[in-house]
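Basis for what follows: all heavy atoms, side chains included, without hydrogens, waters or symmetry-related copies. Atoms within each ligand, like the ligands themselves, are counted from 1 in listed order.
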Amino acid sequence: MKVRIGVVGNGAIAKYRHLPEYASRDDVEIVALCDIIKAKAEKLALRYDVKKVYTDYKQMIEKEKLDAVSVCTPNYLHSEITIYALKHGLNVLVEKPMATSMAEANEMIETARKNNLVLMVGQNQRLAPMHVLAKKILESGMMGKVNTFRTVFGHGGPEHWSQTGKWFFDKKQAFAGSLADLGVHKVDLVQFILGDIDQVACFTDTLEKKECTVDDNAVAILHMENGIMGTVETSWTYKPIEENGTVFFCEKGTLKMAVEPDAPLVAYFAEPGRGRCVFEVPQIQTNEDGGQFSTGVIDGFIETINGTRENPVSGEEGRKALRAILACIESAASNRKVLVEEVN
Ligand SMILES: NC(=O)c1ccc[n+]([C@@H]2O[C@H](COP(=O)([O-])OP(=O)(O)OC[C@H]3O[C@@H](n4cnc5c(N)ncnc54)[C@H](O)[C@@H]3O)[C@@H](O)[C@H]2O)c1
């Protein structure tokens with residue numbers, strides 16, 4: 001039996017990632033698309049041979065016999081649509097950041113639990129082969145203890161990615177700027193690999209983006225429960241080249257991911273004569289046209305629904321990333337260090 005899918009929000013992420021990844025699977029049928037701009041839904045419906053198009057997600061959920069939905073709308077709508085779908089018996093894959101507050105995230109997780117349904121969050125960085133392998137390398141002890149890290153995600157801004165992306169700049173719809181858009185990926189990644197963040201100290205600013213009520217740049221120090229500390233930088237003003245790399249500085253050397261163009265994952269050893277080791281992994285995805293390929297998110301979602309795999313990014317994991325970002329926002333606003341446990 002095929003998993004019957006509906007996709008709410010037919011903008012950039014639906015077009016570049018969700019729809020092609022669903023369409024590549026034999027065990028999925030894309031049954032309906034929904035966007036408040038009907039022409040967008042119709043255009044993608046034509047491309048993917050989808051029979052039904054809606055402008056109201058409630059109608060789509062009520063009229064179609066779906067098993068699951070992807071929620072690919074602006075951030076402020078994630079919780080509303082997710083909770084509605086879960087209450088109607090559908091599994092949900094919601095884009096990152098999963099919600100705009102802890103209260104919303106808590107309700108989403110609780111509704112999924114009560115209804116015994118899958119709730120997955122589109123935090124795709126932890127699924128990238130280079131990051132999966134980096135975690136294994138660190139766990140193997142090859143690099144010794146991790147002392148500190150640096151992780152960066154910056155590009156020229158969402159206006160280069162999405163035609164309808166004005167909402168990214170509006171605090172009411174996005175709740176935060178580069179931190180919510182890019183930082184949430186990186187705090188998820190470092191928590192996936194290293195453990196939980198317990199304290200943050202963050203600066204944010206809006207340096208270039210006009211008519212923007214959110215940050216276009218942020219720099220934060222992240223401290224983890226296990227004592228590791230590092231920094232995250234996020235930016236919508238890095239041009240013309242995107243940065244999406246992470247470096248772990250360890251007892252026995254340095255491990256770099258998506259930093260060197262010829263070596264997506266590379267270890268440098270401190271021991272004299274040992275040199276460097278380049279691992280065979282694909283480059284990281286970029287926001288640029290040529291940079292799209294399967295993220296593994298849809299595979300993870302469908303396999304979790306089919307019961308063949310554990311949810312690779314549960315609601316609880318998505319909430320952890322959101323919480324760290326909310327702590328960064330609070331730190332920047334109050335000009336002090338913030339304990340993650342303060343954010344509820
Ligand atoms: N995982 C990733 O790497 C990644 C990358 C980019 C964006 N995203 C996330 O995906 C989400 C969407 O981002 P995007 O870049 O596709 O934005 P976008 O503006 O291109 O697309 C959003 C779409 O939602 C539609 N929409 C708005 N309100 C709606 C409603 N009530 N019902 C149905 N449709 C509605 C808009 O018309 C638009 O087509 C955001 O949460 C963003 O953070 C994730």
Side-chain angles (χ1 to χ4, degrees), residues 6-21 32-45 53-61 69-85 92-100 104-105 108 120-128 131 153 155-170 172-189 214 234 236 242 244 284-289 291-298 300-301 312-313 318 321-322 325:
V7 178
V8 187
N10 305 151
I13 195 69
K15 174 177 154 190
Y16 289 125
R17 304 214 182 129
H18 289 241
L19 288 167
E21 291 184 26
L33 300 182
C34 170
D35 199 289
I36 44 166
I37 304 171
K38 196 174 180 194
K40 293 185 79 171
E42 284 174 340
K43 194 168 170 192
L44 289 174
V53 160
Y54 290 85
T55 53
D56 177 345
Y57 74 85
K58 292 184 180 171
Q59 275 191 22
M60 180 183 85
I61 288 170
V69 288
S70 270
V71 178
C72 301
T73 57
N75 303 341
Y76 76 106
L77 292 165
H78 288 182
S79 67
E80 170 194 314
I81 299 170
T82 296
I83 290 165
Y84 192 85
V92 177
L93 169 60
V94 62
E95 262 308 333
K96 47 51 58 172
M98 71 180 288
T100 65
E104 287 180 356
M108 292 158 81
M120 181 174 156
V121 185
Q123 303 278 177
N124 53 288
Q125 289 239 337
R126 62 164 67 198
L127 302 177
H131 295 147
F153 201 170
H155 54 54
E159 67 272 36
H160 303 292
W161 153 262
S162 164
Q163 289 168 344
T164 44
K166 269 199 172 149
W167 65 267
F168 278 99
F169 302 106
D170 176 11
K172 285 200 200 94
Q173 298 183 74
F175 90 93
S178 68
L179 263 180
D181 182 28
L182 307 177
V184 77
H185 275 303
K186 292 305 188 188
V187 296
D188 180 62
L189 176 65
V214 291
T234 64
W236 283 342
E242 176 173 323
N244 197 349
I284 201 159
Q285 275 197 325
T286 72
N287 269 5
E288 284 133 30
D289 265 357
Q292 307 301 320
F293 51 84
S294 177
T295 56
V297 168
I298 299 302
F301 183 48
V313 200
L322 173 68
I325 291 302

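Residue K166 places no heavy atom under 4.0 Å from ligand 1. Distances from ligand 1 to the non-hydrogen atoms of W161 include at least one value under 4.0 Å. Distances shorter than 4.0 angstrom occur between a heavy atom of H185 and an atom of ligand 1.
Any N or O atom pair closer than 3.5 Å counts here, and S162 shares at least one such pair with ligand 1. Checking only distances, I81 never comes within under 3.5 Å of ligand 1, N or O to N or O. Here's the thing with Q163: none of its N/O atoms is less than 3.5 angstrom from an N/O atom of ligand 1.
A donor atom on one side chain and an acceptor atom on the other are found under 3.5 Å apart for D181 and W236. In this model, a donor atom of one side chain and an acceptor atom of the other lie less than 3.5 Å apart for K186 and N244.
In this structure, OG on S178 lies 9.0 Å from NE2 on H155, to the nearest 0.5 angstrom.
Between the choices V94, L77, T73, D181, the shortest heavy-atom distance to atom 28 (N) of ligand 1 belongs to L77. When P97, P74, G11, A174 are ranked by how near their heavy atoms come to atom 21 (O) of ligand 1, first place goes to G11. Here the shortest heavy-atom distance to atom 43 (O) of ligand 1, taken over E95, H78, E80, K96, belongs to K96.
Within the 4.0 Å heavy-atom criterion, both parts of A12, backbone and side chain, lie near ligand 1. Under 4.0 Å from ligand 1, the heavy atoms of V8 that appear belong solely to its side chain. Proximity of K15 to ligand 1, defined as any heavy-atom pair under 4.0 Å, is not found for any part of the residue.
Taking 4.0 Å as the cut-off between side-chain N and carboxylate O, D188 and K96 do not count as a salt-bridged pair.
The two atoms that bring M108 and H78 nearest to each other are CE-O, 4.2 Å, heavy atoms only.
At least one side-chain heavy atom of M60 sits less than 4.5 Å from a side-chain heavy atom of V69. Inter-residue side-chain proximity for Q125 and F153 is flagged as met; some heavy-atom pair is nearer than 4.5 Å. When side chains are defined from C-beta on, P312 counts as touching L127, because their heavy atoms get closer than 4.5 Å.
Less than 4.0 angstrom separates some heavy atom of I37 from each of these atoms of ligand 1: 37 (O). In summary, the atoms of ligand 1 found under 4.0 Å from a heavy atom of R17, numbered by their order in the structure, are 2 (C), 3 (O). Here is the list of ligand 1 atoms found below 4.0 Å of a heavy atom in T164: 18 (P), 19 (O), 20 (O), 21 (O), 38 (C), 39 (O). Which parts of ligand 1 touch G122 is read off a 4.0 Å heavy-atom cut-off, strictly below it: atoms 1 (N). Listed by number with element, the atoms of ligand 1 under 4.0 Å from a non-hydrogen atom of K40 are 38 (C), 39 (O). Close contacts of ligand 1 with N124, meaning ligand atoms under 4.0 Å from a residue heavy atom, involve 1 (N), 2 (C), 3 (O). The N75 neighbourhood of ligand 1 comprises atoms 40 (C), 41 (O), 43 (O), with distances under 4.0 Å to a heavy atom of that residue.
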Quick one, I37 with T164, criterion side-chain contact (heavy atoms from CB on, under 4.5 Å). Give me CA distance, side-chain angles, the key distance, then yes/no.
CA-CA 10 Å; I37 304 171; T164 44; 4.0 Å; yes
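Here Y84 and Y57 bring their ring centres to under 6.0 angstrom of each other. Taking the six-membered ring for Trp and the full ring otherwise, the centers of W161 and Y16 sit less than 6.0 Å from each other.
With a 6.0 Å radius and a threshold of 12 heavy atoms from other residues, nucleotides or ligands, E159 has its CD atom above the threshold.
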